Amino acid sequence: MDMKVNKKLGLKERYNLMTRDLAWTPTYQAVQDVYPYVEYEGIKIHDWDKFEDPFRMTMDAYWKYQAEKEKKLYAIIDAFNQNNGHLGLTDARYINSLKLFLTGVSPLEYMAHRGFAHVGRAFPGAGPRVACLMQSLDEIRHSQTQIHSLSNYNKFYNGFQNWRHQHDRVWYLSVPKSFFDDAITAGPFEYMIAIGFAFEYVLTNLLFVPFISGAAYNGDMGAMAFGFSAQSDESRHMTLGLEIIKFILEQDPDNLPIVQAWIDKWFWRGYRVLTLVAMMMDYMLPKKVMSWKEAWEIYAEQNGGALFNDLARYGIKVPAGWTQACKDKEHLSHQAWAVFYNYGAAAPFHTWAPSEKDMEWLSAKYPDTFDKYYRPRYEHWGKEAAEGRRFYNTTLPMLCQTCQIPMFFTEPDDPTKIAYRESTYHGMKYHTCSDGCKAIFDNEPEKYIQSWLPVHQIYQGNCFTPEANPGAPDFNPLMEVLKWYRMEFGRDNLDYEGSPDQKNFNAWKQAATGN
Amino acid sequence: MQIDLRTVSITPLRQTYDHIAARLGGDKAASRYIEATMDVQANANFHYRPTWDPEHEIFDPSRTKIVMKDWYAFKDPRQFYYGTYTQARARLQETAESDFEFIETRGLAEGYDDAARRTALDFYVPLRHVAWGANMNGASMCAYGYGTAITQPCLYQGMDQLGIAQYLTRLGLALGQQGDLEAGKQAWLEASAWQPLRRYVEDTFVLKDWFELYVAQNVVLDGLLFALAYGEVDRALAAKAGPTVSMLTRFQAEWFVDSSKWVDSVMKIAAAESADNKALLNGWVAHWRARGIEALAPIASLALGDGADAAMARVAALLDARLAKAGLGAA
């Protein structure tokens, strides 16, 4: 795997010469000027060499293996595209989950690339530096292979074409965007706990397994290929996240409370972002992999539980929001999809009321909650839509100041009561959706008062094109905001039923398989 | 269930993403490089200021004095996105690998001239640390630069330098022993001949303007050092002792030709943008060029003895010629 050098050297010794031994302590410039960001979070590192690099990969090995993977991946993508692989999908509804991915997730891969470059530069230790920089390289790979894989969908379906513009603007995309903006604006150690540990290690399976297994289940070889190709990189990233947290905790006992506070914060922020995944799993996949509740039980309660048992020897406790998140598994996806169904005029993908068959599946998966709390709502909306009164909400919701999700979550022990929390900072009131988000806000109010909240921005008139005239008598704020989003009304949004995507897919598939 | 699809010809609704079409001047098929590069970086509505740099946005064009109307003007002539980058480097790596193997199987390192061996070890081994510094600087330019078109190749360049540091380590182990790596590091840290260069490298670590860092590292230091190390010194050693060292440094020599295409194009584009940019670049080049020649002169002497001055003059002339082609240099 590594460069062949003097045969007498062991693997570890060889790696040390190839990496750690390259670094030195500067004397012509002060160490704190060369590494200005390493101390201000209060984390104490006494010996960077105690970090055990889990990969010990040299650059020549990196290029060799990654180039092989790229060749294979692009061959699959090309074959899928040339053979109109998209017509082999279960149903074009599935494509909406790819729109969610390209607008909401791929830009985060790019942010991870820049973030790991920053952290790699900031760490004085050679081992973590090289591991972070290799991850930075991997992350640009992930954003680019996703852009390329989904480029073919963009040629035939709507909702992909302005992903870049929309990520910085569209209301629900401020949820993932603010998550990464939060991480990258934190110090380097917090970034590592936020992304390297909480996201890449604790929560990654809850993102990747549903999306990539969802692709496989629904006939999408293109997305499946990039997902599996990324998987071998991800295992390196997961290992880095785990090794880094152990390293920090072993360096000094004073680091424990700081790290615990970050775990509490980033578990909760990451979990909130996964709301989008929960609704995709339960509502957007025509052929479903497993329910959100099942995924939560396997990947969070079982795997995550075992992880936190391991970390207990360092004094780490399960994250503060854990118990609530476990209770929420019964409700999360239903509440989220209901909101997207409501706001289906303002999102660049299609929504729909679940069919009777879908609802039977949901009843079976959620025997204690679906029929009781959610089925009546969907049946009502389905009936209204059938009678030509598809419901679209035209008001704007209050957003959580921290996670930026509309305030639709309910109290942990009362699914009929919306949870509202409120904090006052410098005489202003700020609203949050949960104890988790309130605690995050209260701990760093000076950071979260900066949040670019889409609803507030719309009300302040900051989400219109320069040509818009709010004083005009026929001014239609929704249409003007959509124009600013670069969304075409009736093409990129509204119900799946009757959409151009639906019509095109059916016609093309008919041409491809009919007589 | 297996679905057999007939070959159908479907007219696509569009050829590419809208932001790409806007840049191509219409809805045309785009290359993978362009789709993976243009406008990928977020550029609006950042939620929070960096707690570690509250004067700036997360990505902020004002982290350099260079001003561009469009930061995506810096297209890479090599068209490197991740896939093309790794494949290009894997090809270089494969050649380097067979060269190292050739030297090993033919016993060329054992048979290498001892005086030349001493020169090669004393000169090339400490350069591992210069390359490591360049790796840090590449990460810095990627992290704090603006726009994927330029930040992307900055990271590739930095990782290439890590690879170079590792190839130099292998050179040390092929021609010498582990003790030679230790001696090289000692020289880097303490020997007087290496101190001006170490000071140069450490001074680049604290540069706040990432474009000035680009000039100090990629243009000036690499421009002078690679021409010296893999041109002048390599030729002198080959004349005395044959091509063994040329083979052990082939990666660096070929890499420099490849990387210079991009480095020169960045300078040309930035200089052509405005008179202000050009004046800034000329100022940075003048400052770092003088320091670079001063820093490299003692190690040129180390390797070339009396021939050092003439070699440094040729190396400087090569850099000047590259800069002149980019529209820079003494008017």
Side-chain angles (χ1 to χ4, degrees), chain A residues 3 5-6 17-18 21-24 26 28-29 33-34 37 58-60 63-64 66-67 70 74 84 87-88 107 110 114 117-118 120-121 133 136-137 140-141 143-144 147-148 151 154-156 161-162 164-165 167-169 178 181-182 184-187 447 450-452 486 508 511-513, chain B residues 3 5-6 8 10 12-19 32 35-36 39-52 58 81-83 86-87 89-90 93 97 128-129 132 136 139-140 142-143 152 155 158-159 162-163 165-166 169-170 173 178 181 185 188-189 198-199 202-203 205-206:
Chain A
M3 286 184 170
V5 294
N6 203 319
L17 292 176
M18 290 290 193
D21 190 44
L22 300 171
W24 74 96
Y28 294 105
Q29 291 289 342
D33 293 335
V34 174
Y37 305 133
T58 46
M59 282 311 296
D60 66 337
W63 290 321
K64 186 175 170 180
Q66 297 295 108
E70 288 293 273
Y74 280 96
N84 283 322
L87 297 180
Y110 182 78
R114 297 290 290 269
H118 160 61
R121 174 59 184 81
L133 294 184
S136 173
L137 259 184
I140 196 168
R141 167 175 201 250
S143 73
Q144 293 182 330
I147 291 165
H148 288 151
S151 175
N154 172 59
K155 290 180 177 158
F156 299 100
Q161 66 278 14
N162 281 307
R164 179 54 257 143
H165 178 84
H167 182 73
D168 291 346
R169 290 165 183 83
S178 72
D181 282 9
D182 194 349
I184 209 169
T185 52
K447 184 169 201 179
Q450 301 172 60
S451 301
W452 191 92
R486 298 189 187 155
W508 293 331
T513 55
Chain B
I3 300 173
L5 294 174
R6 278 194 302 165
V8 282
I10 307 170
L13 303 181
R14 60 185 74 78
Q15 296 295 331
T16 185
Y17 302 115
D18 282 6
H19 61 283
R32 281 198 164 134
E35 278 196 346
D39 304 297
V40 174
Q41 175 203 284
N43 64 358
N45 305 325
F46 295 109
H47 289 274
Y48 328 96
R49 294 245 160 184
T51 55
W52 39 270
I58 293 171
Y81 59 96
Y82 183 90
T86 45
Q87 289 175 52
R89 289 296 168 265
Q93 166 267 326
E97 201 55 48
R128 298 157 80 214
H129 306 291
W132 173 256
M136 282 176 62
S140 202
C142 174
Q152 160 177 235
L155 181 68
M159 298 314 277
L162 175 61
Q166 294 173 338
T169 307
R170 286 180 74 183
L173 292 168
Q178 208 179 319
L181 298 180
K185 189 164 186 177
W188 172 248
L189 291 172
R198 183 156 74 87
R199 180 188 289 270
E202 292 185 14
D203 288 353
F205 289 160
V206 297

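These figures come from a predicted structure and were not determined experimentally. Just so we're on the same page: letters track the sequence lines, and every chain starts at 1.
Using a 4.5 Å heavy-atom threshold, the side chains of A:Arg164 and B:Tyr17 count as separate. Using a 4.5 Å heavy-atom threshold, the side chains of B:Arg170 and A:Asp60 count as touching. Within the 4.5 Å cutoff, the side chain of B:Tyr82 has heavy atoms near those of the A:Gln66 side chain. Two residues are said to be in side-chain contact when any heavy atoms from C-beta on lie closer than 4.5 Å; B:His47 and A:Asp182 fail this criterion. Residues A:Arg486 and B:Asp18 are not in side-chain contact: their nearest non-hydrogen atoms beyond the backbone lie 4.5 Å or more apart.
Proximity to chain B is limited to the side chain of A:Tyr110, based on heavy atoms less than 4.5 angstrom apart. In this structure, the portion of B:Leu155 lying under 4.5 Å from any heavy atom of chain A is its side chain and not its backbone. Looking at A:Pro26, both its backbone and its side chain come within 4.5 Å of chain B, counting heavy atoms on both sides. B:Leu189 touches chain A through its side chain: at least one heavy atom from C-beta onward sits under 4.5 Å away, while N, CA, C and O do not.
Across B:Gly158, B:Ala36, B:Ala165, the residue that shares the most heavy-atom pairs under 4.5 angstrom with chain A is B:Ala36. The choice from B:Asn43, B:Leu162, B:Val40, B:Asp203 that makes the most heavy-atom pairs within less than 4.5 Å of chain A is B:Val40. Ranked by heavy-atom pairs under 4.5 Å with chain B, the list A:Ile184, A:Leu17, A:Ile140, A:Ile147 is led by A:Leu17. Options B:Arg32, B:Arg89, B:Met159 differ in how many heavy-atom pairs under 4.5 Å they form with chain A, and the most are formed by B:Arg32. Note on A:Gln144, A:Arg114, A:Gln29: by heavy-atom pairs under 4.5 Å with chain B, the leading option is A:Arg114. When B:Thr86, B:Leu13, B:Leu181, B:Asn45 are compared by the number of non-hydrogen pairs under 4.5 Å with chain A, B:Asn45 comes out ahead. Counting heavy-atom pairs under 4.5 Å between each of B:Phe46, B:Phe205, B:Tyr48 and chain A puts B:Tyr48 at the top. With chain B as partner, the option from A:Tyr37, A:Phe156, A:Trp24 having the largest number of non-hydrogen pairs under 4.5 angstrom is A:Trp24. Comparing B:Gln93, B:Gln15, B:Arg198 by how many heavy-atom pairs each has under 4.5 Å with chain A, the most go to B:Arg198. Per-residue counts of heavy-atom pairs under 4.5 Å with chain B were compared for A:Glu70, A:His167, A:His118; the largest is that of A:His118.
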Check the pair B:Thr169, A:Asp21 against side-chain contact (heavy atoms from CB on, under 4.5 Å), reporting the backbone distance first and the verdict last.
-> CA-CA 10 Å; B:Thr169 307; A:Asp21 190 44; over 6 Å; no
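Side-chain polar atoms of B:Glu35 and B:Tyr81 form no donor-acceptor pair below 3.5 angstrom.
B:Lys185 NZ: more than 12 foreign heavy atoms inside a 6.0 Å radius.
Under the side-chain hydrogen bond (donor to acceptor under 3.5 Å, both in side chains) criterion, A:Gln450 pairs with no residue, sequence neighbours left out.
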